[in-house]
Amino acid sequence: MTGTLAPAALTDAPLAIGGRTFRSRLMVGTGKYRTNAEMVAAIEASGAEIVTVAVRRVDLDRTKEAGVLHHLSPDQYFLLANTAGCYTADEAIRYARLAREAGFNDFVKLEVIGDRDTLLPDTEGLLAATRTLAREGFQVLAYTNDDLVTALRLEDAGCAAVMPLASPIGSGLGLLNPFGIRTIKHRLGVPVIVDAGVGTASDACVTMEQGVDGILMNTALAEAREPVAMARAMGLAVEAGRLAYLAGRMPRREIAVPSSPAAGMLE
Amino acid sequence: MTTLAVTINGEARRVPGPATLLELLGHLGLDPRSVVVELNREIVRRPRLAETRVAEGDSIELVHFVGGG
């Protein structure tokens, strides 16, 4: 058997988005950690290469080192700026331009939020902002809902990747609509990265088993009792889920089938 | 040296003038490599900070990256 066990599943292609390739299919946020040291340790433990950051006003009183780059090296991680907190296309476009001016890359995780309670996306604003930013050369990764038609329109609008939610941002409810996510993945040519809602490692694993290209999470790590341990668990779960997807699961049957031979039983 | 009344990050401030945006960042103790500057809603790229003057009544936004998801 030696040397014969090299199925395609074990030689997965790297994740490619907007002309770049990434070794990890797990992306993590940098928000809400109890301390910066814990954030850095958790991100390291997750194995993530892409980390998200937000654009905000500098604190002119400088009472603390609020800038995330005081703690995370841009040489070590690929910084993916978001437009979190934006409620209109114009606002999101403004934030994306500011983020690009920081000089790291032209990727943006585009959020245009439509509702304050659920933080669900304003799909009309999202499409409008995507068209503008794609025209300006941005690699747009659009945070969207689990609706296929919106995802198709986002792809047409020029997204580098679409990011449907597993469940609402920060909810930790896990993958609510596996069918919707699978359908989006089947129909789109651009990478599908599930963003938001994953609560624990099993959620991440089940999400990856749908065949999506990656997962972005933040709160599941930051609000775990032990973020570093959860980050490691998530890294393993994303890998396990990916591998299980590539391996191809057995069919579901509503009947038992014995695993041991029926023949050869004693009289 | 006179002062200029400007709005920085939504706050009314008096800053020393005449000054360029680069000098203003220095006055505020900010490293120009770690902030992005918007002057009256227009981004001012880093190479132009030293040649862009601050004027009375300007509205300036200074942003950077913070933790987020």
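Letters A, B, ... are given to chains in the order of the sequence lines, protein chains preceding strands, and every chain is numbered from 1.
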Requested in this report: Begin with the C-alpha distance, continue with both residues' side-chain angles, and end with the deciding distance and a verdict on side-chain contact (heavy atoms from CB on, under 4.5 Å) for L60(A) and R13(B).
Outcome: CA-CA 11 Å; L60(A) 292 175; R13(B) 285 193 170 234; 3.5 Å; yes

Query raised in the report: Is chain A contacted by the side chain of I8(B), its backbone, both, or neither, given a heavy-atom distance below 4.5 Å?
Result: both

Requested in this report: Specify which of R33(B), R46(B), R41(B) makes the most heavy-atom pairs with chain A at under 4.5 Å.
Outcome: R41(B)

Requested in this report: Give a yes or no on whether R116(A) atom CZ has more than 12 heavy-atom contacts from other residues, nucleotides or ligands under 6.0 Å away.
Outcome: no

Query raised in the report: What is the distance from atom CG of L72(A) to atom CZ of F65(B), rounded to the nearest 0.5 Å?
Result: 12.0 Å

Query raised in the report: Which region of L80(A), side chain (C-beta onward) or backbone (N, CA, C, O), has a non-hydrogen atom less than 4.5 Å from a non-hydrogen atom of chain B, or is it both or neither?
Result: neither

Query raised in the report: Among A54(A), G170(A), G31(A), which residue forms the greatest number of heavy-atom pairs with chain B at distances under 4.5 Å?
Result: A54(A)

Report task. Run the numbers on L98(A) and E38(B) for side-chain contact (heavy atoms from CB on, under 4.5 Å), then give the verdict. Result -> CA-CA 8 Å; L98(A) 286 166; E38(B) 210 189 58; 3.9 Å; yes

Report summary line: Heaviest contributor of heavy-atom pairs below 4.5 Å to chain B, chosen from R94(A), M27(A), M39(A), K32(A), is R94(A)

Query - Separation between CG of L28(B) and CG of D61(A), rounded to the nearest 0.5 Å - result: 10.5 Å

**Report entry** E42(B) atom CD, neighbour heavy-atom count above 12 within 6.0 Å
**Finding:** no

Query raised in the report: Got R100(A) and V36(B) here, is their nearest side-chain heavy-atom distance under 4.5 Å?
Result: no

Requested in this report: Apply the salt bridge (charged side-chain N to carboxylate O under 4.0 Å, His left out) test between E61(B) and each candidate in R56(A), R57(A), R97(A); give the one that qualifies.
Outcome: R57(A)

Report summary line: Correct closest heavy-atom pair for V66(B) and V68(A) would be C-CB, 3.8 Å

Query raised in the report: For I43(B), is it the side chain, the backbone, both or neither that has a heavy atom under 4.5 Å from a heavy atom of chain A?
Result: side chain

Report summary line: Counting heavy-atom pairs under 4.5 Å with chain B, the top scorer among A84(A), A99(A), G103(A) is A99(A)

Requested in this report: Mind checking the CG-CG spacing from L30(B) to D59(A)? Nearest 0.5 Å is all I need.
Outcome: 10.0 Å

Query raised in the report: Does V58(A) offer a backbone N or O that forms a donor-acceptor pair with the side chain of N9(B) under 3.5 Å?
Result: yes

